[in-house]
Number of protein chains: 2
Amino acid sequence: MKRYSQQSRLLFAVDCIIFGFDGQELKLLLIQRGFEPFKGQWSLVGGFVQESESAEDAASRVLKDLTGLDGIYMEQLHTFSSPSRDTVERTVSVAYTALIDIQKYKQQLNEDFHAVWFPINHHPELIFDHKQMVDQAKEKLRYKAALHPLLLELLPGKFTIPQLQHLYESVYNAAFDKGNFSRKILSTKLLVKLADKDKLSSKKGAFYYKIDRKKYNANFHAFLNFVPDPHVLAATNGV
Amino acid sequence: MKRYSQQSRLLFAVDCIIFGFDGQELKLLLIQRGFEPFKGQWSLVGGFVQESESAEDAASRVLKDLTGLDGIYMEQLHTFSSPSRDTVERTVSVAYTALIDIQKYKQQLNEDFHAVWFPINHHPELIFDHKQMVDQAKEKLRYKAALHPLLLELLPGKFTIPQLQHLYESVYNAAFDKGNFSRKILSTKLLVKLADKDKLSSKKGAFYYKIDRKKYNANFHAFLNFVPDPHVLAATNGV
DNA sequence: TCAAAAGTGTTTTTTTTACACCCATGG
DNA sequence: CCATGGGTGTAAAAAAAACACTTTTGA
């Protein structure tokens, strides 16, 4: 059992599945390749891992380059390594899921990257196995968001409970009782009520809230159980 | 943005965190390296990914070589890619968690590998970042087993409810009410009652059960919620 | 003044938990 | 014949769900 015999070396990349929420529905950020091969085709944002960095570092770098944003929520999804996944050259890719406040991003220049937000269920064909990555990321998001408050990452700094409910409803494609929803969210003590209201979507106006970052960080793993029947949504998940 | 410029190529490996249950406590299978460098030190079972295979294929192959067993429960845990993780040469490693019936394994020859079962909370120092891998695997096991019936994978073909309860109690280091436990397990309809009893641990004897593979495969993702306070165990988890 | 959305209150239903009790049997 | 674990029954407590009702205010 000689381990350090001559071994094949291969290319090592990262790809980012970037989710955003525009107030209406869940979106996915894609770029149109401006270079050969496959110029013009849509793909996830990605790049190669450099000698001096970890995959996490590479994903952060790629995200920073694209959005100009630091401190984005990001987690490793899965590593894709089929020998046939990249038709150009054998490449292993670690996929990361990122959640960003779409508002913040809007201010940034995205022209250099030809990046476009697509509705999560209505995006163009993707290169290589990127569709598989996106599907898996969607599953995991739905799974995890039923247990942890991570969807808060998709909202702007201040937001209302009805807005948050709308986000959950769009992610789970289901309607929730507003009374029960609001109580459940507030019972986590993860939100702080602000003094002002959002008057855009109703005459009465809804109070703004912000994340209590301290409690959020300490209690991120708290179970929320927002979704009526977790069996349904867990049906195809891989965590 | 030239993507396919010259890129560094690196070594690509897999490591397996193999859990077993001997009826008393959770165990971890480790090997003592029989080759340089670090000869004599303990490590996870691992190997390099070959040109023609995926990381999953490589992990299965490694597992087959070590245990002689096919069809072992296995899932990708995380990819470790810090530039400094392997002190010999830069290597990226995909870690896999495997759950095996320790009885089945016992029949196999393990002499070639110098493989030894260690109590999960009392194992020797490990090479590289293998301790980190093990810790993460433990966390994920505890997290996932609270929601899915995967601990069944650790038991032999037939087992009793009290044996299963003992397994849960050892994984969560907590005591469960036997009545509630048995009802909760049985309510999943994942088990089939057999005609014979295990008379070893009591005079009355406890009925054997086996997994209803059909329902198990279809309902693996069913939420079980075995653990009294999920907050506690989720506290440090990364899923 | 009233429609529409925010937010509160209350009842019903379901699930979980605690714990008492019966069962079977080997020593 | 009784101690020991296996297994069932059931009431209390807690959580979740359903839904009625009150509040605010711009048009």
Side-chain angles (χ1 to χ4, degrees), chain A residues 23-24 145-147 149 155 158-170 172 174-210 222-234, chain B residues 23-24 146-147 149 155 158-170 172 174-189 191-210 222-234:
Chain A
Q24 292 307 308
L147 301 170
L155 292 175
K158 51 193 248 190
F159 53 86
T160 67
I161 304 287
Q163 280 167 14
L164 181 59
Q165 181 173 347
H166 193 128
L167 170 54
Y168 272 90
E169 292 182 333
S170 93
Y172 292 106
F176 300 104
D177 179 275
K178 61 183 171 167
N180 296 337
F181 182 86
S182 142
R183 264 184 298 258
K184 207 176 266 189
I185 288 284
L186 263 17
S187 76
T188 66
K189 310 273 185 196
L190 257 35
L191 301 186
V192 183
K193 191 176 190 168
L194 302 179
D196 52 336
K197 283 183 166 188
D198 164 56
K199 310 272 290 181
L200 291 172
S201 55
S202 83
K203 318 183 170 174
K204 185 178 178 182
F207 278 104
Y208 280 117
Y209 287 80
K210 65 169 185 173
F223 281 47
L224 294 178
N225 210 197
F226 284 118
V227 183
D229 182 3
H231 294 254
V232 183
L233 62 113
Chain B
Q24 293 307 306
L147 301 170
L155 293 175
K158 49 193 252 191
F159 52 86
T160 68
I161 303 288
Q163 280 167 13
L164 180 59
Q165 182 173 348
H166 191 127
L167 169 56
Y168 272 89
E169 292 182 334
S170 93
Y172 292 106
F176 299 104
D177 179 275
K178 61 183 171 166
N180 297 337
F181 181 86
S182 142
R183 265 184 297 258
K184 208 176 265 189
I185 288 284
L186 263 16
S187 77
T188 65
K189 309 277 186 191
L191 300 185
V192 183
K193 191 177 191 168
L194 301 179
D196 51 336
K197 282 182 166 189
D198 164 57
K199 309 273 289 183
L200 291 172
S201 55
S202 84
K203 321 188 168 168
K204 184 179 178 181
F207 278 104
Y208 280 118
Y209 286 80
K210 64 169 186 172
F223 282 47
L224 294 178
N225 210 197
F226 283 119
V227 183
D229 183 2
H231 296 254
V232 183
L233 64 112

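Keep in mind it's a predicted model, so treat the numbers as computed, not measured. To find a chain, count down the sequence lines: A is the first, B the second, and so on, and within it residues start at 1.
Summarising the geometry, atom CZ belonging to A:Phe176 is positioned 10.0 Å from atom CD1 belonging to A:Ile185; distances are rounded to the nearest 0.5 Å. We find the NE2-OG1 distance between A:His166 and A:Thr160 to be 11.0 Å, quoted to the nearest 0.5 Å.
One can find a donor-acceptor pair under 3.5 Å joining the base of D:dT23 and the side-chain atoms of A:Lys204. A donor-acceptor contact under 3.5 Å links the side chain of B:Lys178 to the base of D:dG7. Judged by distance alone, with hydrogens and angles left aside, A:Arg183 brings no side-chain donor or acceptor close enough to the base of C:dG7 to form a pair under 3.5 Å.
Distances were taken from every side-chain heavy atom of A:Ser202 (C-beta onward) to each of D:dA18, D:dG6, C:dA5; the shortest belongs to C:dA5. Across C:dA18, C:dA6, D:dA18, the shortest atom-to-atom separation from the side chain of B:Asp177 is found for C:dA18.
Both A:Lys203 and A:Lys197 lie close to DNA chain C; mapped to their nearest nucleotides by heavy-atom distance, the more 5′-ward contact belongs to A:Lys203. Comparing A:Lys199 and B:Ala206 along DNA chain D, the residue whose closest nucleotide (by nearest heavy atom) sits nearer the 5' end is B:Ala206. In terms of position along DNA chain D, the nucleotide closest to B:Thr160 lies nearer the 5' end than the nucleotide closest to the other residue of the pair B:Thr160 and A:Gly205.
For the pair A:Asp196 CG and C:dA6 P, the interatomic distance rounds to 16 Å; values are reported in whole Å. Distance B:Phe207 CZ to D:dG7 C1': 10 Å, rounded to the nearest Å. Residue B:Gln163 contributes atom CD, which lies 14 Å from atom P of D:dG5 at whole-angstrom precision. As rounded to whole Å, 18 Å separates atom C1' of C:dC19 from atom CZ of B:Phe181. The interatomic distance linking A:Ile185 (CD1) with D:dA16 (P) rounds to 13 Å, in whole Å. In this structure, the CD1 atom of B:Ile161 is 18 Å from the P atom of D:dG5, given to the nearest Å. Atom CG in B:Leu200 sits about 15 Å away from atom P in C:dT25, given to the nearest Å. Straight-line distance from the CG atom of A:Asp198 to the P atom of D:dG26: 13 Å, rounded to whole Å.
The backbone N or O of A:Lys204 lies less than 3.5 Å from a partner atom in the side chain of A:Lys197, making a donor-acceptor pair.
Residue-level contact check: B:Ser201 touches the backbone only, with heavy atoms under 4.0 Å from sugar-phosphate atoms and none from bases.
Here the closest non-hydrogen pair linking A:Leu194 and A:Lys158 is CD1-CB, 3.8 Å.
Within the 4.5 Å cutoff, side-chain heavy atoms of A:Phe159 are placed close to those of A:Leu191.
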